[in-house]
Amino acid sequence: MIPFLQPHQVHHMGASASDSVASVATPASQAVHPPVDLLWTGGWDSTFQLLQLLLLHRREVVPHYLLDPTRPSTRAELAAMERIRDALFEKYPYTRQLLAPLQKFNVADLAPDARVTDAFRRIVAERFIGSQYEWLARFRNQQGIAQLELAAGHRGGRIQGIIGRFVMQTDGGGYRTYRISSQYRDTKEFLIFGGFSFPLFELGKSETADIARERGWIDILSMTWFCHKPHGAKPCGYCNPCLYAVDEGFGWRIPRGNRIKGAFYRRFVRPMKAPAKAAMRHLGLRKEGAPGDSLATKGGA
């Protein structure tokens with residue numbers, strides 16, 4: 001039995017973490033282990049894990065993507081995934097046999113789940129996370145996927161701050177990953193995140209870039225997409241994922257002019273949004289749950 005990982009062990013894995021996560025699996029791994037179900041958004045994190053699975057571990061991967069018609073970036077994300085797939089097949093032809101077609105699901109087709117929604121609201125009352133985690137939890141539950149990989153939970157990030165004290169190390173089939181221990185089944189955190197495994201839990205965001213440079217993956221990862229409000233084919237600089245990208249040291253991916261707009265938005269506009277929405281709700285000009293409130297606000301992926 002794999003021992004429970006204590007909180008201090010999760011947050012202080014040290015420099016060797018990237019070596020262990022990026023270690024090559026045994027050549028027989030794809031024959032021994034079933035395909036990996038991976039949430040793929042076309043973003044940096046999920047594409048980094050896709051590359052680890054295909055190129056290092058030689059695992060078959062079934063990628064899943066949820067279509068959210070309210071998000072302007074959907075078309076850009078789908079285009080990014082198509083570019084990445086084509087680049088992989090050209091540069092690493094054997095991945096044609098490993099990467100299954102993208103499985104697409106509509107968020108609007110998910111059935112309501114009051115327990116999941118209530119758990120999400122209780123988490124958000126303590127610490128903000130994007131609304132996608134609420135419908136991702138409903139998706140996993142309703143699809144009955146036993147182990148769905150989520151490329152979130154970087155060391156020092158907001159997701160690790162929420163679930164870090166509950167996780168245990170487990171075997172992903174040739175590499176290690178992390179899940180919330182079943183002893184916490186009755187917690188709100190388990191209701192939202194208990195159905196996922198977190199293969200990047202040991203890594204800091206910058207470490208993924210270091211590994212990508214060492215492995216020669218930067219060209220493919222540069223094709224990824226992250227902005228939720230693109231201006232043409234360029235990141236806007238002020239949506240949540242763009243602001244997170246700057247915080248994580250990836251501001252180089254945003255045009256300089258849009259980074260300046262993002263800095264202005266962060267300093268002067270964003271602090272006024274919550275009080276303005278609260279005032280509008282108080283005056284009856286805005287309904288609870290309107291676009292921009294907790295369940296409708298998109299966070300970074």
Contact between Leu221 and Thr208 at the side-chain level, heavy atoms closer than 4.5 Å - yes or no? no
Side-chain donor-acceptor pair under 3.5 Å between His64 and Asp37, yes or no? yes
Heavy-atom closest pair (Ile220 atom, Ala87 atom, distance to 0.1 Å) is CG1-CB, 4.5 Å
Does the side chain of Tyr184 pick up a donor-acceptor pair with the side chain of Arg165 at under 3.5 Å? no
Closest heavy-atom contact between Phe139 and Leu39? CE2-CD2, 4.3 Å
Clusters formed by hydrophobic residues whose side-chain heavy atoms approach within less than 4.5 Å: which one holds Trp225, and what are its other members? none
Arg115: partners by salt bridge (charged side-chain N to carboxylate O under 4.0 Å, His left out), with sequence neighbours left out: none
Identify whether the distance between the nearest side-chain nitrogen and carboxylate oxygen of Asp247 and Arg266 falls below 4.0 Å. yes
The complete set of salt bridge (Lys or Arg N to Asp or Glu O under 4.0 Å) pairs with one or both residues in residues 85-95, sequence neighbours excluded, reads Lys91-Asp219
Without swapping roles, check the side chain of Thr187 against the backbone of Phe190 for a donor-acceptor pair under 3.5 Å. yes
Under 3.5 Å: donor-acceptor pair, side chain of Asp113, backbone of Arg138: no
Would you check if Leu50 and Trp40 make a side-chain contact, meaning some heavy-atom pair closer than 4.5 Å? yes
Just by modelled atom types, is the Pro199 backbone N or O under 3.5 Å from a matching donor or acceptor in the Gln49 side chain? no
Transitive ILVMFWY side-chain link Ile129 to Leu191, under 4.5 Å: no
